[in-house]
Enquirer: 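The structure follows.
Model, not experiment: these values are computed from the prediction.
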Amino acid sequence: MTEKLLLYGGAVQQAGAVRQKAEQRATTSDFMEMEKERGISISSTVMNFDYKDLRINILDTPGHQDFSEDTYRALAAADNAVMLLDAAKGLEPQTRKLFEVCRMRNLPLFTFVNKMDRPALTPYEIMDQIEAEFGLETHPILWPIGDGERFKGVLDRLTNIVHLYQKPVKRGGKAEVVEIPLAEEDKLKELIADDELFDKLLEDAELLDGLMNPLDMDRVMAAEQSPLFFGSAMTNFGVQLFLDKFCEMGTKPIGRPATVQLEGKKKKAESEEPELEMVHPEHEEFSGFIFKTQANLDPKHRDRLAYVRIVSGTYEKGMKVGHSRSKGGKKYNLAQAQALFGNDRSAVEIAYPGDVIGINNPGNFAIGDTLFTGTSKIAYPGIPSFSPEKFSYIRNPNPSSYKAFQKGMDQLLDEGAIQALRQRNDDGGGPLLLAAVGQLQFEVVQARLESEYGVESIMEPIGYNLARWVDGGWDAVEKADADGKLFGIMVVQDRWKRPVLLFRNDWKAASLAEEEKYLE
């Protein structure tokens with residue numbers, strides 16, 4: 001789908017496919033070796049293009065639930081979300097997980113039902129699924145005419161224009177389209193050339209007009225109603241229409257709440273909740289937050305980038321910025337910001353709110369950090385990590401490659417897809433325990449260690465599936481241990497030496513929290 005949006009936006013001349021045949025080219029957004037081999041997206045990517053006097057920034061996120069944390073972080077930088085469904089499968093398990101991620105961000109949600117060129121569920125079944133599962137009302141904008149081999153095109157319900165498609169002559173090219181008003185029934189019946197589909201189209205059009213609540217953009221912006229589109233990205237049916245409607249209906253860059261404090265002014269007590277102010281795109285000072293870090297976009301140079309979503313002001317090459325976690329008014333020079341397009345980059349001289357730029361990260365910047373200019377220190381709320389559910393020791397079987405292994409692990413951990421745990425008081429010499437949301441993340445770590453750092457690794461899973469951080473600190477952990485309450489629970493520390501308890505099941509965690517409230 002992303003590739004076809006890039007095609008119609010003029011960013012590529014031929015669209016690729018995630019699962020490609022020999023004669024097809026690879027996708028722009030999936031550039032890692034493991035993504036090419038498995039035909040899945042494992043990391044969010046940033047791409048942009050200009051379309052109808054607008055700048056479109058696409059944050060292409062993984063569809064697999066094991067990478068939902070990466071999706072959540074990308075959504076922190078987004079103003080709108082597009083939920084892509086398979087017309088034959090409807091709502092899949094990972095769709096449910098990722099929808100909850102969207103709901104946490106409270107973003108306007110546009111729904112595109114893809115693969116209508118294959119046998120599909122009825123549109124009504126898909127609408128019912130969305131409402132029953134998510135409690136989300138849908139409003140059809142593009143309504144399909146047939147499915148599978150009989151998929152003819154779509155009805156634009158906003159204009160009552162029928163768009164009939166012919167497959168493109170060249171694979172990956174743009175589809176040929178015939179447009180005809182719904183009211184011209186005789187001509188429409190002749191072009192559809194299928195009496196059953198023609199009658200069904202007229203019946204559906206009348207039924208939807210009579211039954212559906214009107215499109216309400218205030219409800220769309222409040223994530224209470226989702227504009228619904230049907231089409232086929234593979235055959236390019238309905239993609240450009242969706243892009244046109246999205247440009248009309250989607251929200252422009254919006255502000256973000258942040259703590260704003262004059263530099264040098266005494267900070268409030270830790271116990272006090274910080275007051276949040278809305279920082280709007282029109283705010284004259286530059287501000288932005290880091291939502292992703294990435295190592296080895298260019299493996300030849302072993303580089304590291306931080307992805308910055310600009311919220312306010314203007315980025316200009318060479319500007320000096322403050323850093324939300326740095327003390328003493330320290331400034332950083334942003335000498336070389338880059339526009340991102342998959343793993344391709346180009347120097348950028350100026351950028352505006354809504355844009356995503358990449359800046360070199362020597363190790364000072366982390367996910368959730370804010371960069372800003374001016375006399376007021378701006379800090380946007382941090383981006384939380386998901387609680388891990390999979391745990392595995394990782395070790396390097398070849399002592400001669402220890403340095404490369406350590407460098408690779410440090411850089412991959414900085415990206416935030418996995419977390420590192422160790423035994424208490426272990427400063428780095430003991431076994432390294434990795435924690436992740438899903439099993440695939442471990443496989444990604446091993447694949448990247450081998451392909452990007454030339455290092456082999458061995459994983460040794462352990463039988464725990466829940467982690468809880470102890471806000472009460474190590475004193476609380478020691479008290480619980482002395483009382484014999486930690487039997488069957490593994491006690492470890494994270495990278496910041498905070499205590500973490502690993503459990504084998506939810507019941508044990510809930511029971512301990514209820515009995516030993518001092519653990520918090």
Side-chain angles (χ1 to χ4, degrees), residues 1 61-65 68 71-72 74-75 78-148 151 153-160 182 197 200-233 237-239 241-246 248-251:
M1 180 65 178
T61 61
H64 198 287
Q65 61 185 355
S68 55
T71 298
Y72 181 80
L75 288 172
D79 297 308
N80 307 273
V82 178
M83 178 168 66
L84 193 64
L85 302 182
D86 186 313
K89 299 176 182 177
L91 297 182
E92 300 178 76
Q94 61 264 34
T95 311
R96 295 177 174 90
K97 176 96 174 181
L98 296 174
F99 175 80
E100 291 305 321
V101 171
C102 287
R103 179 156 276 176
M104 282 189 276
R105 302 302 318 174
N106 202 33
L107 293 173
L109 184 66
F110 296 77
T111 303
F112 189 93
V113 181
N114 193 22
K115 301 183 181 178
M116 287 303 299
D117 58 311
R118 303 177 186 179
L121 299 171
T122 71
Y124 298 106
E125 288 175 317
I126 291 173
M127 292 166 63
D128 287 344
Q129 278 190 8
I130 294 172
E131 182 140 12
E133 288 278 342
F134 300 153
L136 179 67
E137 179 186 311
T138 57
H139 183 91
I141 305 293
L142 299 183
W143 189 257
I145 305 170
D147 65 78
F151 181 50
V154 294
L155 165 66
D156 181 345
R157 295 187 59 248
L158 297 183
T159 63
N160 271 339
L182 182 64
L197 289 182
K200 187 76 168 65
L201 171 62
L202 297 185
E203 178 187 328
D204 286 343
E206 183 178 358
L207 185 65
L208 292 170
D209 287 344
L211 293 181
M212 298 303 301
N213 289 328
L215 179 67
D216 184 338
M217 290 310 300
D218 288 337
R219 294 185 65 208
V220 171
M221 292 301 110
E224 297 171 358
Q225 187 183 61
S226 177
L228 178 63
F229 304 81
F230 291 84
S232 167
F237 289 3
V239 177
L241 266 176
F242 167 76
L243 180 58
D244 290 340
K245 300 295 183 186
F246 176 79
E248 295 171 9
M249 300 165 68
T251 185

Enquirer: Rounded at 0.5 Å granularity, tell me how far CD in E125 sits from CG in L91.
Expert: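 It comes to 12.0 Å.
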Enquirer: For T138, enumerate each residue passing the side-chain hydrogen bond (donor to acceptor under 3.5 Å, both in side chains) test, keeping only those at least two apart in sequence or located in another chain.
Expert: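 Residues passing side-chain hydrogen bond (donor to acceptor under 3.5 Å, both in side chains) with T138: none at all.
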Enquirer: What's the separation between atom CD1 in I126 and atom CG in L85, rounded to the nearest 0.5 Å?
Expert: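 So the CD1 of I126 and the CG of L85 are separated by 7.0 Å.
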Enquirer: Could you check whether R157 pairs with D209 (Lys NZ or Arg NE/NH1/NH2 to Asp/Glu carboxylate O, under 4.0 Å)?
Expert: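 Here R157 pairs with D209 in a salt bridge, since their nearest N and O are under 4.0 Å apart.
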Enquirer: Starting at CG of L136, measure out to CD1 of I130 and round the result to the nearest 0.5 Å.
Expert: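 The CG atom of L136 sits 7.0 Å away from the CD1 atom of I130.
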Enquirer: Please report the interatomic distance OG(S226) to CZ(R219), rounded to the nearest 0.5 Å.
Expert: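 S226 atom OG to R219 atom CZ measures 11.0 Å (nearest 0.5 Å).
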Enquirer: Can you see which heavy atom on P108 is nearest to which on T251, and at what distance?
Expert: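 So the minimum-distance heavy-atom pair works out to CG-CG2, 4.3 Å.
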Enquirer: Can you tell me how far the CG atom of L182 sits from the CG atom of L202, to the nearest 0.5 Å?
Expert: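 Going from CG on L182 over to CG on L202, the span is 6.0 Å.
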Enquirer: Can you pull out every side-chain hydrogen bond (donor to acceptor under 3.5 Å, both in side chains) where at least one residue sits in residues 126-135? Sequence neighbours excluded, please.
Expert: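 side-chain hydrogen bond (donor to acceptor under 3.5 Å, both in side chains) check on residues 126-135 returns R96-E133.
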Enquirer: Within the structure provided, determine whether P140 and P123 are in side-chain contact (heavy-atom separation under 4.5 Å).
Expert: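 Not touching, per the 4.5 Å side-chain cut-off.
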Enquirer: So, using salt bridge (Lys or Arg N to Asp or Glu O under 4.0 Å) as the criterion, who are the partners of D147 when residues are at least two apart?
Expert: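 With neighbours one apart ignored, the set is empty.
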Enquirer: State, to 0.1 Å, how close G238 and F112 come at their nearest heavy-atom pair, and which atoms those are.
Expert: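 Closest approach of G238 to F112: O-CE1, 4.0 Å.
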Enquirer: Taking side-chain hydrogen bond (donor to acceptor under 3.5 Å, both in side chains) as the definition, give me every residue that meets it alongside K200, ordered by chain and number, with sequence neighbours left out.
Expert: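 If we apply the side-chain hydrogen bond (donor to acceptor under 3.5 Å, both in side chains) test to K200, skipping adjacent residues, the hits are D204.
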Enquirer: With sequence neighbours left out, what residues match Q225 under side-chain hydrogen bond (donor to acceptor under 3.5 Å, both in side chains)?
Expert: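 Expected list: E137.
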Enquirer: Identify, with sequence neighbours excluded, every residue that meets side-chain hydrogen bond (donor to acceptor under 3.5 Å, both in side chains) alongside T159.
Expert: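 Checked T159 against side-chain hydrogen bond (donor to acceptor under 3.5 Å, both in side chains); matches are D156.
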Enquirer: Can you see which heavy atom on A233 is nearest to which on N114, and at what distance?
Expert: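 Looking at all heavy atoms of both residues, the closest pair is N-OD1, 2.8 Å.
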Enquirer: Evaluate side-chain contact (heavy atoms from CB on, under 4.5 Å) for V220 paired with M249, printing each intermediate quantity in order.
Expert: CA-CA 9 Å; V220 171; M249 300 165 68; 5.6 Å; no
Enquirer: Can you name the ring pair (Phe, Tyr, Trp, His ring centres under 6.0 Å) partners of F229, sequence neighbours left out?
Expert: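 If we apply the ring pair (Phe, Tyr, Trp, His ring centres under 6.0 Å) test to F229, skipping adjacent residues, the hits are F242.
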Enquirer: Determine the minimum heavy-atom distance between G231 and F151, stating which atoms define it.
Expert: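 The answer is CA-CZ, 4.2 Å.
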Enquirer: Rounded at 0.5 Å granularity, tell me how far CE in M217 sits from CG in L215.
Expert: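 Reported value, rounded in 0.5 Å steps: 6.0 Å.
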Enquirer: Looking only at heavy atoms, which two atoms of L107 and A78 are closest? And how far apart?
Expert: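 Shortest heavy-atom separation between L107 and A78 comes out as CD2-O, 3.5 Å.
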Enquirer: Does E206, at its CD atom, have more than 12 non-hydrogen atoms belonging to other residues, nucleotides or ligands within less than 6.0 Å?
Expert: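 Count not over threshold, so no.
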Enquirer: Holding to side-chain contact (heavy atoms from CB on, under 4.5 Å), I want the full list of residues that pass it with A87, two or more places apart in sequence or in another chain.
Expert: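 So A87 forms a side-chain contact (heavy atoms from CB on, under 4.5 Å) with V113, M116, A120.
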Enquirer: Quick one, P227 and T111 - any side-chain contact, counting heavy atoms below 4.5 Å?
Expert: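 In short, these two side chains do not touch, never coming nearer than 4.5 Å.
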Enquirer: Looking at T71 and P62, what are the two nearest heavy atoms and their distance?
Expert: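 That closest heavy-atom pairing would be OG1-O, 3.3 Å.
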Enquirer: Sequence neighbours left out, what pairs pass side-chain hydrogen bond (donor to acceptor under 3.5 Å, both in side chains) with at least one residue falling in residues 98-108?
Expert: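 Every side-chain hydrogen bond (donor to acceptor under 3.5 Å, both in side chains) pair that includes a residue of residues 98-108, provided the two are not neighbours, is Y72-R105.
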Enquirer: I'd like to know whether K245 forms a side-chain contact (heavy atoms from CB on, under 4.5 Å) with L158, so could you lay out the CA-CA distance, the side-chain angles of the two residues, the decisive distance to 0.1 Å, and finally the verdict.
Expert: CA-CA 10 Å; K245 300 295 183 186; L158 297 183; 4.1 Å; yes
Enquirer: Run the salt bridge (Lys or Arg N to Asp or Glu O under 4.0 Å) test against D218 and tell me which residues pass, sequence neighbours left out.
Expert: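 D218 satisfies salt bridge (Lys or Arg N to Asp or Glu O under 4.0 Å) with no other residue.
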Enquirer: Output all residues satisfying salt bridge (Lys or Arg N to Asp or Glu O under 4.0 Å) with D216, sequence neighbours left out; order by chain, then residue number.
Expert: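 Checked D216 against salt bridge (Lys or Arg N to Asp or Glu O under 4.0 Å); zero matches.
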Enquirer: Can you list the steps and then say if W143 with V154 is a side-chain contact (heavy atoms from CB on, under 4.5 Å)?
Expert: CA-CA 5 Å; W143 189 257; V154 294; over 6 Å; no
Enquirer: With ring-ring contact (aromatic ring centres under 6.0 Å, His included) as the rule and sequence neighbours excluded, what pairs involving residues 84-109 come up?
Expert: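 Matches after skipping sequence neighbours: F99-F134.
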